[in-house]
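Keep in mind it's a predicted model, so treat the numbers as computed, not measured. Computed from heavy atoms alone, side chains included, the values below leave out hydrogens, waters and symmetry copies. Atoms within a ligand are numbered from 1 in the order they appear, just like the ligands themselves.
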Amino acid sequence: MSDHRQGHVILGVNVLVLGYLPAAWQSDRLRKDSFVDPAYWENIGAVAERGTLDALFLADAPLLGDPAYDANAGRLEPTVNWSHVAATTERIGLIATASSTLNDPFDLAQRLLSLDHVSGGRAGWNIVTTRNSPAAQNFGLPDIPERDDRYDRAAEFVDVVLGLWDSAATRDVVRHHGRFFDLEGRLDVPPSRQGRPVLIQAGGSAKGRALAGRRAEGVFAAELTKEGAIEHYREVKRHAADAGRSPESVKILPGLLTSIGSTEEEARRRSDDLHDRGPAAYSVQWLSQAIGYDASQLDLDEKFPKEVLTAAVDPRTAAGSIGFRQSIVAQIRRTNPTVREYLRQTRYTGSGHSGFAGTPEQLVDHIEDWYRSGAVDGFNLQPDVLVDGLEVIADEVVPLLRKRGLFRHEYATDTLRGHFQAASN
Ligand SMILES: Cc1cc2nc3c(=O)[nH]c(=O)nc-3n(C[C@H](O)[C@H](O)[C@H](O)COP(=O)(O)O)c2cc1C
């Protein structure tokens, strides 16, 4: 893709509660209950809106996270959390993650369309199938179902939810007798200002990408390298075209961990300080759960063993996320580091999600490069510490993007779907 891309990038923020890095809670601007404090969330909404950002994302894997690799073990349920922020904001999109494996389609259709009403048409649903066994056990399942079954269920789940949302307008009875769901009924919530919530998909395996192309309007991707991002971008857009949709109707938004400073050295110091104040084994534990292999057994001063990188991944049974694993293995193959070097470099380049440590100007260069290369339609930014990292994005990064004609100066739309459609074409 070239410099001739019109329009502007899409900027979401994956809030991850207090920040992407585990030591975020130690910020002197936070209290120990900030993550459940409505005033904290009101401030996040206000800062995001000040920066005319597109949307706030909130992850959710319905379980108490493992602090060994989950930077935010506890959180509020996303639709409830966003209902409060909807009342104190006017334009920012509010995207709630909800699992198609651990929910019921009627309940979720009702809850998400209700959020769309109370937010005035700014709701989105980040569709995940959930990979965590403990989350499954919270719902009485012995284990998380195999990936293929999860995605078959997700595909049917999304179709039932869309059918229920359509029934809100047509008043027709939804009659669905499928492999996973059997129902006859109509939704009790009318269409919202934007009709229905925006659909986002997260999960980078082949089935995840196919679901995204068929139904999603946004993809929360995990891509460490620009080459991997371009390939993901093209594959999802191809699936959209195969489904008779415009490739422009689905926007690809990889996550990007951001540590920003007034100089690159200051940014790296900030990142090092946060990593050093986090759990010592965090990077190894995160890597292990992302690639489905216990990296703590590896010799830190040796290269990654071939069998770790070439292990055949059976999409039906592979633990973790194939999307994250592919992205990490591609990065390791590209730089061929020792385990220690990989863990060190990923402080600044990200592990699973790509990362950035530098100045606002350098971040805008990075955003423009990936955007103009046809690797992204925007990013889901993930500040290392949200409460101050988001302010730098709103007050220093956004003005630079505007100067380059890469971002809106003010909101021209007031629904989430409107924001997405007003962006790049
Ligand atoms: C960028 C990204 C974000 C994700 N966020 C969540 C989440 O918030 N909650 C969750 O249960 N799963 C989340 N997942 C994992 C999904 O549940 C995914 O369906 C599952 O891990 C299978 O992923 P795969 O298609 O990459 O193999 C995420 C995955 C990716 C790639």
Salt-bridge criterion met for [X] and [Y] (N-O under 4.0 Å):
| X | Y | result |
| --- | --- | --- |
| Glu231 | Arg209 | yes |
| Asp388 | Arg270 | yes |
| Asp152 | Arg179 | yes |
| Asp272 | Arg344 | yes |

Check each of Asp414, Thr52, Thr413 against His419 using the side chain to side chain donor-acceptor pair (under 3.5 Å) test, and report the only one that passes.
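For His419, the side chain to side chain donor-acceptor pair (under 3.5 Å) check succeeds only for Thr413.
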Hey, is CH2 on Trp25 packed in by over 12 heavy atoms from elsewhere, all under 6.0 Å?
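Counting neighbours around CH2 of Trp25, 12 or fewer heavy atoms of other residues, nucleotides or ligands fall under 6.0 Å, so no.
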Students should find this: residues with any non-hydrogen atom under 4.0 Å from ligand 1. What is the answer?
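Answer by chain and number: Ala59, Asp60, Ala61, Thr97, Val128, Thr129, Thr130, Arg131, Arg147, Arg150, Tyr151, Ala202, Gly203, Gly204, Ser205, Phe220, Ala221, Ser321, Ile322, Gly323, Phe324, His353.
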